[in-house]
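Working notes for the structure below.
Fair warning: this is a prediction, and the values are worked out from it, not measured in the lab.
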Amino acid sequence: MLKILLLVTVLVYGASAQVPAVRYEVTKGVDVCVLAKFGLLLSVRYTKADNSTGSTPLMFRGGDTTNTTGTCAEHGRNVATMEINDNHELGMKLVFTRNETHPHRVYFLSEFEVWYAYSENRFPGVQPALIGTTGSEKVSNVEWFQAPEEYSYLCRSEQRRTLQKNVDIVLTDLQIQPFEVKKNDFSPPMECALDSTPVPPVHTTLPPTTVKPVPSPGHFNLTDKETGEVCLLLQAGAQFSIDYETESNTTERAMFYLPSEATPTGSCGQNSSTLTLTFSDDNVIVTAKFEVDGEKFNVAQLIMIYVEKSPLFPNAKINNETRALTYTPKLGPLAYLGDSFRCNSEQEVPFSSAANVTIYDLKIQPFQVVNDTFGEETVCDLDITTPAPTTTPQPTTTPEPTTTAGPTTPPETTPGNGTTPGVTTTPLPENSTTTPVTPTMPAAEGKWHVSGADGKPCLLADSVIQLQLMYNISKQETKTVTVDVPSNATAWGACQPTISLLALTFQPGNFTLHLGFAKTATPPNNADFALVHVGLMYEEDPAIFPGTITPNKNVNLVNQTLNLFQTEVGKSYRCESEVKVKVNKSVEVSFQYTKIQPFNVEGGKFGEESVCSEDVPTIPPPTATSRPATTHQPHHGGNGGAIAAGVLVPLVCIVLAVAGYLYYRRRRGMGAPYKSL
């Protein structure tokens, strides 16, 4: 248990204070030809003697026991390598590639491999048969850490990645230069966006991170130079949202769209195709690399290069600064060769915490185009799993007053609570729905807490939580399953001065539900808190999702644009009525009999209650369909931007670090009731 706590501490508070940055050199004679400096922490999952799954941290520390070798890019070669062996018990290999066909002649890390020797000391409780053997994992055909060849690549911020199945890595203080090393030292750096684009301060109010795209999609194609025939077709619209620093040291958001007149360039191949779209006077370049995966194709890498200058980035602090970002989608094969892939739904491409692209009305065919037209369509899950509002029908006519129930007849304990002196009323948020509490009791109520560094509870939560999950049983048919979060779900998380996280994990299905809370203003003006983030991670276990066409698929969903359960800091939020929150089009989380306090918990007990409006008896309304006005939500409008700007980035970092890590290391064993609709 102590080791688990240590791992969680490293992942929550960052590995930079734990992992030293080590300098590695590949030399030819007295000259350095490949240069790298970084700290690296591995988290390796392994099988124990009792067939359970363990996890252990492994760290590259450098020193006399470390041996570095590799190959230089001599005689015009465009590949350089670096191999690092730490006392023959831990090692890694890095392969760098220089792309001369790219408009900016860039390099990137194209392959990364790690290996490790199993021992009882490094892998406690490991299966005896594994002791003395070697495990390894690698990723290939990636384009990580891209930079123009005349620069080194620098990223001081932590970068977390999963290799294949059993190895997660945390890189810190990274600087590399695999080509054109001068005077045995790094050239001027090309900084990653995580470093060079500052996180917006809490007091800065920015526009919403996603705006419904409105321009029509553009149509682009590539022609094979040898045959003269169209070899790649693309239809797509895209909205760009990029934060940048201005001359006045404020953070602004540049928002623009992919123009239909963008210039397409690239190449078509039998196993790999590349499409580059250039626009805004060559100040924005977006490249997509497609690869053949068996009989299907996928998107292997996305690259975005942009120049911070007017008119897209007015008053940029560093004018003409070039940023280069890469993103590796984890989508899997999209469609068969000769077919097209279509996705009308919006898809987010988070290049970094400050740069996001929303793609919509996408249709792509990068291989085997016939007669200049798209082949048979394969439709994305987002399009075919959009739920029809069958479970929550909207009335088309106004109900008769005599046949419609009043606001809600609260549970027996509610009237007493509603008349308790000192209890305040918190109206329900606009972007949630409520349904009356019925006499039928739902699943068992869970009572969870998170402890702070002093071992005392810092977050309390009581609730009955259900998940409504839609999934595909064919390309045209969907099904919905209801999953009850069991009362014995494991609770964990983190408490910080302005943000708190509650995560609930349970089996089977490897479920993790995480709830992120934030104060709506910086101290000492932290008057309210709100639920700002709901995420869900699970596997489509066929035992839970009968008939699924994607068995055991890993699903990772998040809604980080919320402002719910708003309550004064120091008080608890209580709502007996059901509150439904959508994570995305196919997943909904419902809360009932809820009591939550994520900040200022005294003595391990809930503070004074702030009761949602649906629980408080009110004067009978003049009509049967009237309900409390949504305008009596204090602070709802004014603080939404501050919440999004100031707390979502650190909150998402915690969620991705902790939830993402533990998601892959939980053991099966805890049961929960499931029922299909």
Distance check, rounded to the nearest 0.5 Å: [X] atom [atom1] versus [Y] atom [atom2]?
| X | Y | atom1 | atom2 | answer |
| --- | --- | --- | --- | --- |
| Leu325 | Ile303 | CG | CD1 | 10.5 Å |
| Gln566 | Tyr573 | CD | OH | 11.0 Å |
| Leu513 | Leu557 | CG | CG | 11.5 Å |
| Phe313 | Asp243 | CZ | CG | 10.0 Å |
| Ser280 | Phe256 | OG | CZ | 7.0 Å |
| Leu40 | Phe60 | CG | CZ | 5.5 Å |

CG (Asp281) with more than 12 external heavy atoms under 6.0 Å: no
Trace of the side-chain contact (heavy atoms from CB on, under 4.5 Å) decision for Met92 with Phe112: CA-CA 7 Å; Met92 60 178 154; Phe112 183 80; 4.1 Å; yes
I'd like to check [X] versus [Y] (side-chain heavy atoms, cut-off strictly below 4.5 Å). Are they in contact?
| X | Y | answer |
| --- | --- | --- |
| Thr274 | Thr287 | yes |
| Glu308 | Tyr306 | yes |
| Leu41 | Ile169 | no |
| Asn78 | Phe96 | no |
| Ser241 | Val357 | no |
| Lys363 | Phe341 | no |
| Asn356 | Ile242 | no |
| Leu234 | Leu275 | yes |

Using the rule given for side-chain contact (heavy atoms from CB on, under 4.5 Å), can you reason through Phe186 versus Leu154, listing the C-alpha separation, both sets of side-chain angles and the distance that settles it, and then say yes or no? CA-CA 10 Å; Phe186 292 108; Leu154 174 64; over 6 Å; no
Could you give me the CA-CA distance, side-chain angles and deciding distance for Val587 and Leu536, then say whether side-chain contact (heavy atoms from CB on, under 4.5 Å) is met? CA-CA 9 Å; Val587 174; Leu536 183 65; 3.7 Å; yes
Just jot down the side chain to side chain contact (heavy atoms under 4.5 Å, CB included) partners of [X], sequence neighbours excluded, or say none.
| X | result |
| --- | --- |
| Val601 | Leu460, Gln597 |
| Pro314 | Tyr244, Ser310 |
| Thr263 | Thr265 |

Between [X] and [Y], a side-chain donor and acceptor under 3.5 Å:
| X | Y | result |
| --- | --- | --- |
| Gln146 | Thr326 | no |
| Asp361 | Gln235 | no |
| Ser187 | Gln177 | yes |
| Lys317 | Asn249 | yes |
| Gln175 | Ser152 | yes |

Using the ring pair (Phe, Tyr, Trp, His ring centres under 6.0 Å) criterion, which residues pair with [X]? Sequence neighbours excluded.
| X | result |
| --- | --- |
| Tyr153 | Phe145 |
| Phe599 | none |
| Phe279 | Phe240 |
| Tyr24 | Phe38 |

Does Glu143 have any side-chain hydrogen bond (donor to acceptor under 3.5 Å, both in side chains) partners at least two apart in sequence or in another chain, and if so, which? none
Please name all residues satisfying salt bridge (charged side-chain N to carboxylate O under 4.0 Å, His left out) with [X], sequence neighbours left out, ordered by chain then number.
| X | value |
| --- | --- |
| Glu247 | none |
| Lys182 | Glu180 |
| Lys309 | none |
| Lys37 | none |

Over all atoms of both residues, closest heavy-atom pair of [X] and [Y]:
| X | Y | result |
| --- | --- | --- |
| Met190 | Arg323 | SD-CA, 4.5 Å |
| Ala36 | Ile176 | CB-CG2, 3.9 Å |
| Gly237 | Pro217 | N-CB, 3.7 Å |
| Pro178 | Tyr107 | CD-CE1, 3.4 Å |
| Ser267 | Leu222 | N-CD1, 3.8 Å |
| Glu25 | Leu35 | CG-CD1, 3.6 Å |

What do the steps show when you test Thr246 against Glu252 for side-chain hydrogen bond (donor to acceptor under 3.5 Å, both in side chains), and what is the final call? CA-CA 7 Å; Thr246 66; Glu252 297 293 341; 5.4 Å; no
Ser273 side-chain N/O to Phe290 backbone N/O, donor-acceptor pair under 3.5 Å: no
Using the rule given for side-chain contact (heavy atoms from CB on, under 4.5 Å), can you reason through Ser110 versus Asn141, listing the C-alpha separation, both sets of side-chain angles and the distance that settles it, and then say yes or no? CA-CA 5 Å; Ser110 57; Asn141 299 318; over 6 Å; no
Evaluate the ring planes of Phe529 and Phe517, with Trp represented by its six-membered ring, and classify them as parallel (under 30°), tilted (30 to 60°) or perpendicular (over 60°).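 Ring orientation of Phe529 relative to Phe517: perpendicular.
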